[in-house]
There are 2 protein chains.
Amino acid sequence: MKIGELSTLTGCSVQTIRYYEKEHLLPKTQRSEGNFRLYDDASVEHLLFIKRCRSLDLSLSEIRQLLELRYSPNAPCDEVSHMLSSHINHVRARIEELINLEDQLASLLHSCPSQGTVKKCEILKNLTATQKIMS
Amino acid sequence: MKIGELSTLTGCSVQTIRYYEKEHLLPKTQRSEGNFRLYDDASVEHLLFIKRCRSLDLSLSEIRQLLELRYSPNAPCDEVSHMLSSHINHVRARIEELINLEDQLASLLHSCPSQGTVKKCEILKNLTATQKIMS
DNA sequence: TTTAAACTCTCTAGTCACTATAGAGTCAAG
DNA sequence: CTTGACTCTATAGTGACTAGAGAGTTTAAA
């Protein structure tokens with residue numbers, strides 16, 4: 001199959017597929033006479049693996065490592081879980097940050113009744129004056 | 001004061017300050033005879049405002065808008081709270097996404113005892129075979 | 001007075017994971 | 001035989017910086 005079909009089968013855009021090839025996440029394929037990339041079922045599989053990893057927010061370089069492991073059947077598998085658990089730690093840390101942010105933003109929003117003019121806006125005052133926000 | 005002092009006073013790097021100027025978040029300053037940027041207390045204030053907004057994850061273009069409002073004392077202040085509440089919605093949506101992600105990653109991690117080799121690794125199998133992860 | 005260190009200047013390129021475009025070539029149907 | 005859909009490569013843009021080169025300026029010590 002050509003790149004367009006791979007694209008519709010996997011839901012990755014054509015440009016993204018070419019980009020993955022350039023980044024060595026996909027191996028270079030055979031080409032047709034007219035220099036079109038040719039793919040097979042294994043390519044679909046391979047690309048879907050990448051897509052699932054991306055949907056878990058793994059970086060391309062993490063995925064590259066996973067792909068290497070995937071094709072090294074006798075490697076110890078704890079590398080895989082190690083990577084995943086460090087990744088989950090990042091995610092958890094980011095969640096903490098965002099929840100904190102949400103609190104700050106909510107306090108800031110409550111601090112101003114949103115009537116009147118900017119001159120008296122408590123939000124802008126709070127952004128100007130202090131790191132702490134009074135709610 | 002020169003840019004280095006502004007940098008230490010605000011905790012923004014020198015490059016970042018110059019970048020903000022280029023992006024019109026900071027006005028162009030006076031220059032010394034030797035072409036060094038010269039700042040005053042108002043600059044510190046201004047930059048700290050930007051920094052606080054960044055710490056709330058507001059984008060530079062959102063901050064540009066806030067700065068405009070800040071210097072338009074008679075503008076209605078609900079633009080400010082409107083921007084903030086749409087921002088908080090983004091933050092909340094992102095938190096939802098990340099919590100979902102965390103669940104998926106945790107299931108994936110649990111699916112493999114992390115002993116043995118890649119060949120039998122349930123994590124890789126789950127990443128390969130299906131979108132759903134068995135825990 | 002010299003000179004060395006520390007600071008500043010502009011300009012350019014790199015980061016990440018794409019996305020968008022230009023301009024050219026290939027292929028299948030009408 | 002031409003139109004339209006597809007594909008190719010190469011380049012530039014996104015956001016918010018960060019890093020570096022290479023040059024000029026200022027300040028302090030020798």
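Owing to the predicted nature of the structure, the values given are computational and were not obtained by experimental measurement. Side chains are part of it too, since the values below use all heavy atoms of this structure and drop only hydrogens, waters and symmetry mates. Numbered from 1 within each chain, the chains take letters A, B, ... in sequence-line order.
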> So which heavy atom on A/Q65 is nearest to which on A/M83, and how close?
Replying inline: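 Scanning both residues completely, I find the closest heavy atoms to be OE1-CE, 3.3 Å.
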
> Any donor and acceptor pair, going by atom type alone, linking the side chain of A/S13 with main-chain N or O of A/T16 inside 3.5 Å?
Replying inline: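 Checked: pair present.
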
>> My understanding is that only residues two or more places apart in sequence, or in another chain, count here; which of them pass side chain to side chain donor-acceptor pair (under 3.5 Å) with B/D103?
In response: none

> Along nucleotides 10-23 of chain C, 5' to 3', which nucleotides get a B, which get an S, and which get a -, given that the test is a protein heavy-atom distance under 4.0 Å?
Replying inline: B------BBSB---

> Taking C-beta and beyond as the side chain, do A/Q104 and A/N100 meet within less than 4.5 Å on heavy atoms?
Replying inline: yes

> What's the CD-P distance between B/Q30 and C/dC9, to the nearest Å?
Replying inline: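 Result: 14 Å.
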
> Any side-chain hydrogen bond (donor to acceptor under 3.5 Å, both in side chains) pairs touching residues 75-90 of chain A, not counting sequence neighbours?
Replying inline: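 Listed by first then second residue: A/S81-B/S114.
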
Anything under 3.5 Å between a donor and an acceptor, one on a side chain of residues 29-42 of chain B, the other on a protein residue two or more places apart or in another chain? List them.
| from | atom 1 | to | atom 2 | distance (Å) |
| --- | --- | --- | --- | --- |
| B/R31 | NH1 | B/N35 | O | 3.1 |
| B/R31 | NH1 | B/N35 | OD1 | 3.2 |
| B/S32 | OG | B/G34 | N | 3.3 |
| B/S32 | OG | B/F36 | N | 3.0 |
| B/R37 | NE | B/E21 | OE1 | 2.8 |
| B/D40 | OD1 | B/A42 | N | 3.1 |
| B/D40 | OD1 | B/S43 | N | 3.1 |
| B/D40 | OD1 | B/S43 | OG | 3.0 |

> Can you tell me if B/S111 and B/N126 form a side-chain donor-acceptor pair at under 3.5 Å?
Replying inline: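 Yes, B/N126 and B/S111 have a side-chain donor paired with an acceptor closer than 3.5 Å.
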
> Who passes side chain to side chain contact (heavy atoms under 4.5 Å, CB included) against B/V14, sequence neighbours left out?
Replying inline: B/I3, B/S7, B/R18

>> For a 4.0 angstrom threshold against heavy atoms of chain B, report the outermost contacting nucleotides of DNA chain D in 5' to 3' order.
In response: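 That gives a stretch of D/dA16 to D/dT26.
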
>> Here's a test of your reading of the structure: between B/K2 and A/G34, which maps to the more 5' nucleotide of DNA chain C?
In response: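 Going by which nucleotide is closer to the 5' end, it is B/K2.
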
